[in-house]
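Side chains included, hydrogens not; waters and symmetry mates left out as well; all remaining heavy atoms used.
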Amino acid sequence: MDAHIRDLRYFVAVAEELNFTRAAERMFVSQPALSKQIRQLEEQLRVRLFDRDRRTVTLTAPGEALLPKAHELIRVWDEAQRAVSDAAAAEAAVLTVGVSSSVGRGLLPAARARFAERRPHWRIRVRQVDWEDATAGLATGGEVDLALLWLPVPGQEALNVRVVATEPRWVALPVGHRLAGLAEVPFSELLDEPFLALPESAGPLRDHFLALEERAGHPVLIGSVVSNADETFEAVEEGSGVVLLAAGNAAIYQRPGVVTLPVSGLSPSRLALAWRPDDHRSAVRDFVEALLNASPDLPREGQTGR
């Protein structure tokens, strides 16, 4: 039986790390599963690829011989997948970007312009996804190709993620709120306020915007559960609760009945671009590069990764 590309990827990870634990973490599998696949590969090739004891892992001579060939086979296979994906995508010539709130910051217009320089016949379509899916559509299969989302999200470790903006958390309050006249709100003043919460399916993102880590065990009072930005700020105006938001979104969601103020004592929020690691289309790669280069918070050249 021929070796699978997956097994060669596992072999390369161990060969480069020379440590089964680190290689397993890098490949997002358990160490026993990784060890089992390496043993199966050795059985298929009828050689020992690694010498290992309790402290060290080293390549054998057959392992040294296999390593450059494995790199080449993986590269060729990735190119083949990209070519097939590009051929399938050429007919549509559309990339769909999922968002759960307005992005602002000039990111999408700038990314569109840069992307159009490389692919003038393609278009970018933005799809609004409610917060029941905190991944803005990436978790539901083919609904979107990429997503601009706030971290952390459920299943984040299975996505390629690049942070494009890091911003302090602010609070949105009704105009008549007792804290509305402050220049900055200490988070301790908000502990007993009713908070607007994302749906429970948003998992760690819900916890982030309830600031659970900064509460030191102080219970959260949930005023209402909201599914999207419009519901959120309508609920703030109605007095159903307060809500934390990133500083960049404070300007986007200005309303007559809402005041937004900086909050001290909180870690920042991170806006990220995410996409599936098995999406090998060069158009996706081009949009990632276009958006990263359009972000003022990042170096002009950035390496994509988890």
Hits for side chain to side chain donor-acceptor pair (under 3.5 Å) against R270, two or more places apart or cross-chain, chain-then-number order -> none
Minimum heavy-atom separation for V144 to G137, with atom names? CG2-C, 3.5 Å
Scan the side chains in residues 173-188 for donor-acceptor partners under 3.5 Å anywhere in the protein, sequence neighbours excluded, and list what turns up.
residue : atom : partner : partner atom : Å
H177    : ND1  : L179    : N            : 3.0
H177    : NE2  : E193    : OE1          : 3.0
H177    : NE2  : E193    : OE2          : 3.3
R178    : NE   : E193    : OE2          : 3.3
R178    : NH1  : E189    : OE1          : 3.3
R178    : NH2  : E189    : O            : 2.9
R178    : NH2  : E193    : OE2          : 3.1

Begin with the C-alpha distance, continue with both residues' side-chain angles, and end with the deciding distance and a verdict on salt bridge (Lys or Arg N to Asp or Glu O under 4.0 Å) for R75 and E72. CA-CA 5 Å; R75 182 190 66 79; E72 179 66 12; 2.5 Å; yes
Would L148 and L108 satisfy side chain to side chain contact (heavy atoms under 4.5 Å, CB included), going step by step from the backbone distance to the final call? CA-CA 10 Å; L148 277 162; L108 279 175; 3.9 Å; yes
S269 and E167: side chain donor to acceptor below 3.5 Å: no
When you check the side-chain N and O atoms of S282 and R82, is any donor under 3.5 Å from an acceptor? no
Would [X] end up clustered with [Y] when hydrophobic side chains under 4.5 Å apart are linked, directly or stepwise?
X: V236; Y: L221; result: no
X: L205; Y: L212; result: yes
X: V76; Y: I74; result: no

Any salt bridge (charged side-chain N to carboxylate O under 4.0 Å, His left out) involving residues 206-227? Give me the pairs, sequence neighbours left out, ordered by first then second residue. R169-E214
Indicate, with yes or no, if the rings of F209 and F195 have centres closer together than 6.0 Å. no
Kindly state each residue pair satisfying side chain to side chain donor-acceptor pair (under 3.5 Å) with at least one member in residues 233-242, sequence neighbours excluded. E237-R255
Can you give each donor-acceptor pair under 3.5 Å made by side-chain atoms of residues 55-68, sequence neighbours left out, with the distance rounded to 0.1 Å?
residue : atom : partner : partner atom : Å
T56     : OG1  : D53     : OD1          : 3.1
T56     : OG1  : D53     : OD2          : 3.3
T60     : OG1  : R48     : O            : 2.5
T60     : OG1  : L49     : O            : 3.2
T60     : OG1  : G63     : N            : 3.2

Applying the side chain to side chain donor-acceptor pair (under 3.5 Å) criterion to E132, which one of S201, S100, S227 satisfies it? S227
Sequence neighbours excluded, the answer for ring pair (Phe, Tyr, Trp, His ring centres under 6.0 Å) partners of F287 is F115
Stepwise, does the side chain to side chain contact (heavy atoms under 4.5 Å, CB included) test hold for V129 with V99? CA-CA 6 Å; V129 181; V99 298; over 6 Å; no
Contacts of type salt bridge (Lys or Arg N to Asp or Glu O under 4.0 Å), residue R127, not counting sequence neighbours: E143
Which residue pairs satisfy the ring-ring contact (aromatic ring centres under 6.0 Å, His included) criterion with at least one member in residues 216-235, sequence neighbours excluded? F233-Y253
Criterion salt bridge (Lys or Arg N to Asp or Glu O under 4.0 Å) on E289 and R119, from CA distance to verdict: CA-CA 13 Å; E289 292 179 0; R119 296 183 177 269; over 6 Å; no
Any non-hydrogen side-chain atom of Y10 less than 4.5 Å from a side-chain atom of L41? no
Which residues share a side-chain contact (heavy atoms from CB on, under 4.5 Å) with [X], sequence neighbours left out:
X: E16; value: V12, R26, H71
X: A147; value: A136, L138, L149
X: D279; value: R276, R281, V284
X: P168; value: W170, A247

Could you tell me whether R46 atom CZ has more than 12 heavy atoms of other residues or ligands within 6.0 Å of it? no
